[in-house]
Novice: 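If you scroll down you'll find the structure; I have some questions about it.
Numbered from 1 within each chain, the chains take letters A, B, ... in sequence-line order.
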Protein chains: 2
Amino acid sequence: MRIGELAERTGVSVRALRYYEEQGLLTSERSESGQRHYSDKAVDRVRLIQQLYAAGISSASILEMLPCVVTGEASPHVLTKLHEHRSSVVRQIEDLRGTLQQLDSVIAGAVKAHESGVPCPPA
Amino acid sequence: MRIGELAERTGVSVRALRYYEEQGLLTSERSESGQRHYSDKAVDRVRLIQQLYAAGISSASILEMLPCVVTGEASPHVLTKLHEHRSSVVRQIEDLRGTLQQLDSVIAGAVKAHESGVPCPPA
DNA sequence: TAGAAACCTGACGTTGACGTCAGAGGTAGC
DNA sequence: GCTACCTCTGACGTCAACGTCAGGTTTCTA
């Protein structure tokens, strides 16, 4: 299939697909005239890439993990990177929980001040 | 203290502190020669700014709510904004939870492939 | 055999919070 | 008063994952 069909079947923009190729994440056969042609497997490939992006993994890291798909082997190194990323996501969640508490205390204080009739200085 | 000391005490770069001032988030006294001087309270101020940034709140919004947050007083408008940001933080946490699930499914697939010597899952 | 639709390669735009550099002046220890 | 470091104001650079435009070629359809 050509790039437009792959875009339609994956829900990813044509520009994004060209970007994936630019980053080395996706390959294509070229016709005489230079147009990209893909096999059906490209659909799964793109979906995998999207899944990794959805997990907040950068292009560079995805590129590093792709040999897992290409060779069919998940190296310990890739597993380590995945676990590291998982830890960082957990940390982000914990940070946001702290932020939420901070916001809540600010809101609570603000509500109290507001109820007591103390105005806020104009910004 | 001068800007270098404030940077050291808060762990924020000198450039960032000047940026905060540029955005109207932080003020300073100027010496004859134009150098910035800060009181001890600036340390807390910078930390508060960092917390709000960590909550994904933009400079413009921080500028709008900072006076109220500092004094613990808030107009209904600022209260509304605070609640909006609280919702956005909750959403961010939910998104990250989804990210964790994505990661776990990728990790599970990778582990399985690694243990069985079977190719990585197609998606 | 048109003409529309899809495709190609650059290359600049987007967004925010800074990084970094240049050139000049200020400050502090000895 | 020398020297090393600190600070100043611009102003351009950076990063990520594309969006979007320009100008030209290829493919499909009527």
Novice: What's the CG-P distance between A:Leu17 and C:dC7, to the nearest Å?
Specialist: 10 Å
Novice: If each of A:Gln35 and B:Arg2 is mapped to the nucleotide of DNA chain D with the nearest heavy atom, which maps nearer the 5' terminus, i.e. the 5' end?
Specialist: B:Arg2
Novice: Do you know which two heavy atoms are closest between B:Ser105 and A:Gln51, and how far apart they sit?
Specialist: OG-NE2, 3.1 Å
Novice: In whole angstrom, what separates A:Glu8's CD from C:dA5's C1'?
Specialist: 13 Å
Novice: Would you work out how much the helix from C:dT1-D:dA30 to C:dC30-D:dG1 bends between its ends, with each end axis defined by five base pairs, to 10 degrees?
Specialist: 10°
Novice: Return the value, rounded to whole Å, for the distance between atom CE of B:Met1 and atom C1' of C:dA28.
Specialist: 19 Å
Novice: Over all heavy atoms of both residues, which pair between B:Thr10 and B:Leu6 is shortest? Give the atoms and the distance, please.
Specialist: OG1-O, 2.7 Å
Novice: Using whole Å, what does the distance between atom P of nucleotide C:dA22 and atom CZ of B:Arg15 come to?
Specialist: 16 Å
Novice: Separation of A:Arg30 atom CZ from C:dC8 atom P, in whole Å?
Specialist: 6 Å
Novice: Taking any atom under 4.0 angstrom from a heavy atom of chain B, which nucleotides of DNA chain D are the first and last to qualify, 5' to 3'?
Specialist: D:dC6 to D:dA11
Novice: Around atom CD of A:Gln101, are there more than 12 heavy atoms from other residues, nucleotides or ligands closer than 6.0 Å?
Specialist: no
Novice: Both A:Ala16 and A:Glu32 contact DNA chain D. Which one's nearest nucleotide lies toward the 5' end?
Specialist: A:Ala16
Novice: By the definition salt bridge (charged side-chain N to carboxylate O under 4.0 Å, His left out), identify the one residue from B:Glu29, B:Glu5, B:Glu21 that meets it with B:Arg36.
Specialist: B:Glu21
Novice: Does C:dC8 have its OP1 or OP2 closer than 4.0 Å to a side-chain nitrogen or oxygen of A:Arg36?
Specialist: yes
Novice: Give a yes/no answer on whether the side chain of B:Ser58 brings an N or O atom under 4.0 Å of OP1 or OP2 in C:dG16.
Specialist: no
Novice: Can you name the nearest heavy-atom pair linking B:Arg45 to B:Leu25, along with the distance?
Specialist: NE-O, 3.1 Å
